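Each ligand, and each atom within it, is numbered from 1 in the order the structure gives. Owing to the predicted nature of the structure, the values given are computational and were not obtained by experimental measurement.
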Amino acid sequence: MQQFFIDSTLEINQEKKLKDDIAHQCIHVLRYQDGKMIRCVDQDGKLALCKIRLNNEELFATPIEFVTNNAEMNCKVTLIQALIRKEKWEYCIQKATELGVYRIVPIELKRNVVHWEKQETNRKLERYQKIMTEAAEQSRRNNIPKLENIIQLSDIDQYKSEINFVAYEAEDSSHLRDHLNHPESITIICGPEGGFEESEVEYLVKHGFISVSLGHRILRAETAGLYILSGIDFMLEGIKNA
Ligand code: SAM
């Protein structure tokens, strides 16, 4: 059953007109007919099973029942990801969304090979937020992760969490798993294809980030954040939900 996020609140048996892009998808792409059921997550994160009604190009949904949906990680993970090549960036944000990321923050680091021109940043952020919304619908999440605007290293403090890690490829004494207890929130920063400058890691450690290794293999930039999200979900969520 297809899921959509809608920006209003739902009430049982109160019909709602859905946005044109959802109507277009249901009518022309999915070819849904009257009476078809869909999942709608409202702006408060409530999930309802809804019956649809078509009227030409318009689509209406009537909530039949609310259902619980616990698709979010208990730990809010912020991924601060250095800009990487477009197709890898899009892959990374889509998979991070499926893996439960809470927030993604693009960052400009010294060895970035990719730079966003000022005038194209808003268009890019819009496109990437759409990718994350579609991934959140497909993976049936309760919430859509937020894509923040691009930051510099000096902005880092406002994106810190209860515990903060820098995944540093040259780190050889401490592994991420050595530090995972049950935090409410984690921030992890991953470098670009060219990796971190040592001075950047020193700055981050001074600002409370723990330098951690992700193991002996050097992961691609788009893989590192996904490895971390999988590990956190596997280690923390498994225990909590057991
Ligand atoms: N150019 C670097 C090198 O050859 O050593 C590799 C950088 S790697 C492609 C991109 C980012 O992924 C790194 O900056 C780091 O954040 C993360 N990463 C990849 N493998 C890692 C590992 N084994 N331990 C910690 N971080 C890792």
Identify all N/O pairs between ligand 1 and the protein with a separation under 3.5 Å and present them as a table of atom names and distances.
{"residue": "ligand 1", "atom": "1 (N)", "partner": "E193", "partner atom": "O", "Å": "3.1"}
{"residue": "ligand 1", "atom": "1 (N)", "partner": "G194", "partner atom": "O", "Å": "3.4"}
{"residue": "ligand 1", "atom": "14 (O)", "partner": "E169", "partner atom": "OE1", "Å": "2.8"}
{"residue": "ligand 1", "atom": "14 (O)", "partner": "G191", "partner atom": "N", "Å": "3.4"}
{"residue": "ligand 1", "atom": "16 (O)", "partner": "A167", "partner atom": "O", "Å": "2.6"}
{"residue": "ligand 1", "atom": "16 (O)", "partner": "G191", "partner atom": "N", "Å": "2.9"}
{"residue": "ligand 1", "atom": "20 (N)", "partner": "L219", "partner atom": "N", "Å": "2.9"}
{"residue": "ligand 1", "atom": "23 (N)", "partner": "G215", "partner atom": "O", "Å": "2.9"}
{"residue": "ligand 1", "atom": "23 (N)", "partner": "R217", "partner atom": "O", "Å": "2.8"}
{"residue": "ligand 1", "atom": "24 (N)", "partner": "L214", "partner atom": "N", "Å": "2.8"}

Let me have the donor-acceptor pairs involving side chains of residues 41-52, under 3.5 Å, with sequence neighbours excluded, atom names and distances please.
{"residue": "D42", "atom": "OD1", "partner": "D44", "partner atom": "N", "Å": "2.9"}
{"residue": "D42", "atom": "OD1", "partner": "G45", "partner atom": "N", "Å": "3.2"}
{"residue": "D42", "atom": "OD1", "partner": "K46", "partner atom": "N", "Å": "2.9"}
{"residue": "D42", "atom": "OD2", "partner": "L10", "partner atom": "N", "Å": "3.1"}
{"residue": "D42", "atom": "OD2", "partner": "K46", "partner atom": "NZ", "Å": "2.9"}

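- Under the 4.0 Å criterion applied to side-chain N and carboxylate O atoms, E200 and K110 are not assigned as salt-bridge partners.
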Got a list of side-chain donor-acceptor pairs under 3.5 Å for residues 212-223, not counting sequence neighbours?
{"residue": "S213", "atom": "OG", "partner": "G215", "partner atom": "N", "Å": "2.8"}
{"residue": "S213", "atom": "OG", "partner": "G215", "partner atom": "O", "Å": "3.3"}

Contacts table for residues 18-30: side-chain donor-acceptor under 3.5 angstrom, sequence neighbours left out:
{"residue": "H28", "atom": "NE2", "partner": "E57", "partner atom": "OE1", "Å": "2.7"}
{"residue": "H28", "atom": "NE2", "partner": "E57", "partner atom": "OE2", "Å": "3.3"}

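- Checking Q119 against T121 by side-chain atom types alone, no donor-acceptor pair falls below 3.5 Å.
- The residues E72 and R141 are annotated as salt-bridged, a charged nitrogen and a carboxylate oxygen being separated by less than 4.0 angstrom.
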